[in-house]
Amino acid sequence: MIGRLNHVGVATPSIEKSAALYRDVLGATKIHDAFDMPEQGVRVCFVDVPNSQIELIEPLGEESPVHGFLKKNPAGGQHHVCFEVEDIYAARDAMTAKGASVIGSGEPRIGAHGTPVIFVHPKDMGGVLVELMETPRGTHA
Ligand SMILES: CC[C@H](C(=O)O)C(=O)SCCNC(=O)CCNC(=O)[C@H](O)C(C)(C)COP(=O)(O)OP(=O)(O)OC[C@H]1O[C@@H](n2cnc3c(N)ncnc32)[C@H](O)[C@@H]1OP(=O)(O)O
Ligand SMILES: [Co+2]
């Protein structure tokens, strides 16, 4: 069911500093402009790597889901992995049917690439927060 690894989410207290790390130390050549997603409580910046991306995420607002993570990991760290799926509703129903907890109401929300996403709780994913994202139309999974 899961398709391509779309991105690895990395929480950071400073997108600016983390972007400089990926550019100046790791040699990333394409750092996209950061943008706010108030409805998701994050500021986001994508760093291109061959065949995938790093998604730098900074908390936005007091209710941000990233706040708790940074309290435990003040320097930031690997936050989630995101896989592409063909049909987000079918993926959601499959997760629920297999006993994996879909976070929130279960209704997919629009993610950073403009397609619907869900999150599956780390307690059911071997300790890894898993994001499932519907593949943007016109691309392959
Ligand atoms: C959607 C826009 C963008 C995109 O790509 O499109 C993004 O990806 S934005 C990413 C930020 N948004 C989210 O992460 C939404 C889903 N996350 C959540 O709802 C929460 O972060 C949640 C429920 C995973 C954890 O909530 P909270 O931190 O309040 O819970 P606890 O601190 O009590 O943690 C419970 C339990 O889970 C472990 N945990 C927490 N975060 C992670 C993580 N990122 N990876 C792995 N494990 C995590 C935590 O250690 C606790 O474990 P325990 O053994 O019970 O101590
Ligand atoms: Co993500």
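Just so you know, these numbers use all the heavy atoms, side chains as well, and skip hydrogens, waters and symmetry mates. In listed order, ligands and their atoms are each counted from 1.
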Any side-chain heavy-atom pair of Leu129 and His79 under 4.5 Å: yes

4.5 Å side-chain heavy-atom contact, Thr115 and Thr135: no

Atom 16 (C) of ligand 1: the protein heavy-atom neighbour that sits closest, reported with distance to 0.1 Å: Phe119 CG, 3.7 Å

Per-atom contact, atom 29 (O) of ligand 1, protein heavy atoms, under 4.0 angstrom: no

Heavy-atom check, side chain of Ile31 versus side chain of Cys45, under 4.5 Å: yes

Glu107, CD atom: more than 12 neighbouring heavy atoms under 6.0 Å: yes

Any protein heavy atom nearer than 4.0 Å to atom 26 (O) of ligand 1: no

Sub-3.5 Å N/O-N/O distance, His80 and ligand 1: yes

Protein contact of atom 41 (N) of ligand 1 - nearest heavy atom, named by residue and atom, plus distance: Phe69 CD1, 4.3 Å

Protein contact to atom 9 (S) of ligand 1 [nearest heavy atom, distance to 0.1 Å]: Val42 CG2, 4.0 Å

Distance (rounded to the nearest 0.5 Å) between Phe119 CZ and Cys82 SG: 7.0 Å

Pair Lys17, Thr12: side-chain N/O donor-acceptor within cut-off below 3.5 Å: no

Atom 5 (O) of ligand 1 [closest protein heavy-atom partner, distance rounded to 0.1 Å]: Glu55 OE2, 2.5 Å

Nearest to the Co ion (ligand 2) - the N/O/S atom of Glu55, by atom name: OE1

Identity and separation of the nearest protein heavy atom to atom 48 (C) of ligand 1: Pro122 CG, 3.6 Å

Atom indices of ligand 1, in the order listed, that fall short of 4.0 Å to a heavy atom of Ala112: 4 (C), 6 (O)

contact_flag Gly9 ligand 1 heavy-atom lt 4.0 Å: no

Single-linkage hydrophobic cluster Met125~Ile103, side-chain heavy atoms < 4.5 angstrom: no

Heavy-atom protein contact below 4.0 Å for atom 12 (N) of ligand 1: yes

Side chain, backbone, both or neither: His79 near ligand 1, heavy atoms under 4.0 Å: both

Side chain, backbone, both or neither: Pro65 near ligand 1, heavy atoms under 4.0 Å: both

Verify atom 55 (O) of ligand 1: protein non-hydrogen atom under 4.0 angstrom away: no

Name of whichever N/O/S atom of Glu131 is nearest to the Co ion (ligand 2): OE1

Closest protein heavy atom to atom 17 (N) of ligand 1, given as residue, atom name and distance to 0.1 Å: Leu129 CD2, 4.0 Å

Of all N/O/S atoms in His80, the name of the one nearest the Co ion (ligand 2): NE2

Cys82 near the Co ion (ligand 2) via N/O/S, less than 2.8 Å: no

Is_contact(atom 1 (C) of ligand 1), protein non-hydrogen, under 4.0 Å: yes

Over 12 non-hydrogen atoms of neighbours within 6.0 angstrom of CD in Glu63: no

For His7, atoms of ligand 1 separated by under 4.0 Å from a heavy atom: 5 (O)

Trace of the side-chain contact (heavy atoms from CB on, under 4.5 Å) decision for Tyr22 with Ile54: CA-CA 9 Å; Tyr22 279 86; Ile54 296 296; 3.9 Å; yes

Neighbour count above 12 (heavy atom, 6.0 Å) for Glu16 CD: no

His7 atom (N/O/S) at minimal separation from the Co ion (ligand 2): NE2

Side-chain heavy-atom pair Val66, Leu60 within 4.5 angstrom cut-off: no

Enumerated ligand 1 atoms positioned under 4.0 Å from heavy atoms of Gly127: 46 (C), 47 (N)

Atom indices of ligand 1, in the order listed, that fall short of 4.0 Å to a heavy atom of Gly111: 6 (O)

Ile15 reachable from Leu70 in the ILVMFWY side-chain graph, under 4.5 Å edges: no

Ligand 1 contact on Glu131 by region, counting heavy-atom pairs under 4.0 Å: side chain

Protein heavy atom at shortest distance from atom 36 (C) of ligand 1: His121 CE1, 4.3 Å

Is_contact(atom 44 (N) of ligand 1), protein non-hydrogen, under 4.0 Å: yes

Option whose closest heavy atom lies nearest to atom 50 (O) of ligand 1, chosen from Lys71, Lys72, His113, Met133: Lys72

Residue pair His121 / Val102, side-chain heavy-atom distance below 4.5 Å: no

Glu131 vs Phe83 side-chain heavy atoms within contact, under 4.5 Å: no

Atom 19 (O) of ligand 1 [closest protein heavy-atom partner, distance rounded to 0.1 Å]: Ile103 CG2, 3.3 Å

CA sep, side-chain torsions, deciding dist, call: His7, Gln53, side-chain hydrogen bond (donor to acceptor under 3.5 Å, both in side chains): CA-CA 5 Å; His7 63 267; Gln53 290 181 307; 5.5 Å; no

Minimum side-chain heavy-atom gap Glu134-Pro108 below 4.5 Å: no

Non-hydrogen side-chain atoms of His113 and Met133 separated by less than 4.5 Å: yes

